[in-house]
Asker: 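Take this structure, written in structure tokens, and hold onto it; I'll ask about it next.
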Amino acid sequence: MSVEVEKVSKLYGSQRALDNVSFIINAGQVVGLLGPNGAGKSTMMKIISCYIPESEGVVKVCGYSTVTQSIEVRKNVGYLPEHNPLYPDMYVREYLRFVGGIHLKKKDVAKRVEEMIEITGLSPESKKKIGALSKGYRQRVGLAQAMIHNPAVLILDEPTSGLDPNQLAEIRALIRHIGKEKTVILSTHIMQEVEAICNRVIIINKGKIVADDDTGMLRHKVKPSHIIQVEFDRQMDASLLRNLPHVTDVKHSGGNKWTISYSGDEDVRKDIFNLAVTKNMTVLSMQKEESRLEDVFQQLTQS
């Protein structure tokens, strides 16, 4: 097991940032650690990384205790904080050699730096100062420093924050590639990112775990929300849609488009189509949407 967290709490005075949190992450998993601001995500990642100690409980990384064997834990963890701590006046290779010199034997540093530049796609910008790089490439440098000592566990706190769509796609692809070989814990507020990258999700709210499951299965852990997007050839009377069986909400989406929510297991598309037929109307399009991870997140963290 790569990461074991057992009954962990973190107290700041009388405030509990984490409250009796437990989970196990096995090798090779890419886990999304989610929660609203102030939920305790960054605190949990800092504890696993040995930046701060837990107040109660036990944390082990690759079998080593974060309290009594912190040096061994640090050897096995790579950490990219939300605010990427780089030296803007250093050149890319210069910085990676500096970081590599902290972790590796002197004879191994140069080779490992070149490997990380290749893996993270830094080659085109490797001769520049870090301060001259775009944010996307600075994130790549951050990933390279986190992985330079070849850790078993990689912890990424908001690694794609502030990136443009092209940079976002590149960093996501890089994380997916890394996740094939390492255990990755990823914190983000972008639900599409979690669905695209992670195979497991842990949701923390007010310091407690409120969900822990496979990304696909998590949608079934809360009351399902079924939504249908429909467009008619002319304006439909909203009251007729609201009166259909199992319909819970009807919203006008502009033009002749409607968003219809319904409960239960019955599919109401047939009823919508039949209503259109009785009113001599044509259904131009109709699409059913299942619960999204974002819907599940909101239901679990809005209390």
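Residue numbers start at 1 and run along the sequence shown.
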Asker: Where do Glu114 and Lys111 land on the salt bridge (charged side-chain N to carboxylate O under 4.0 Å, His left out) test, with the steps shown first?
Answerer: CA-CA 5 Å; Glu114 295 308 312; Lys111 179 181 178 182; over 6 Å; no
Asker: Please check this pair: side chain of Ser65 against backbone of Lys60, looking for a donor-acceptor N/O pair closer than 3.5 Å.
Answerer: no
Asker: To check you understand the geometry: which heavy-atom pair defines the closest contact between Asp157 and Ser42, and what is its length?
Answerer: OD2-OG, 2.9 Å
Asker: Give a yes or no on whether Leu284 and Met236 share a hydrophobic cluster (residues Ile, Leu, Val, Met, Phe, Trp, Tyr; joining criterion: side-chain heavy atoms under 4.5 Å apart).
Answerer: no
Asker: Surrounding NZ of Lys182 (heavy atoms of other residues, nucleotides or ligands, distance under 6.0 Å), is the total greater than 12?
Answerer: yes
Asker: Counting only heavy atoms from other residues, nucleotides and ligands, does the tally under 6.0 Å from OH of Tyr91 exceed 12?
Answerer: no
Asker: With no hydrogens and no angle check, do the side chains of Thr160 and Glu193 hold a donor and an acceptor under 3.5 Å apart?
Answerer: yes
Asker: What is the minimum heavy-atom distance between Val73 and Tyr64, and which atoms define it?
Answerer: CG2-O, 3.5 Å
Asker: Between Lys7 and Glu56, is there a side-chain heavy-atom distance shorter than 4.5 Å?
Answerer: no
Asker: Using a distance-only test with no angle check, is there a side-chain donor-acceptor pair under 3.5 angstrom linking Ser253 and Thr259?
Answerer: yes
Asker: Within the 4.5 Å heavy-atom criterion, are Pro151 and Tyr79 side-chain neighbours or not?
Answerer: no
Asker: Quick one: sort the His149 and His103 rings into parallel, tilted or perpendicular, breaks at 30° and 60°.
Answerer: parallel
Asker: I need the minimum non-hydrogen distance between Ala27 and Thr183, along with the two atoms involved.
Answerer: CA-OG1, 3.2 Å
Asker: Examine the side chains of Gln139 and Asn84 and answer whether a donor and an acceptor come within less than 3.5 Å of each other.
Answerer: yes
Asker: Which atoms form the tightest heavy-atom contact between Arg93 and Ser126, and what is the distance?
Answerer: NH1-OG, 2.8 Å
Asker: What closest approach, in Å, do Lys10 and Pro53 show between heavy atoms, and which atom pair accounts for it?
Answerer: NZ-O, 2.8 Å
Asker: Tell me, yes or no, whether the heavy-atom count around Glu118 atom CD, taken from other residues, nucleotides or ligands under 6.0 Å, exceeds 12.
Answerer: no
Asker: Using side-chain heavy atoms (C-beta onward) and a distance below 4.5 Å, is Thr188 in contact with Leu34?
Answerer: yes
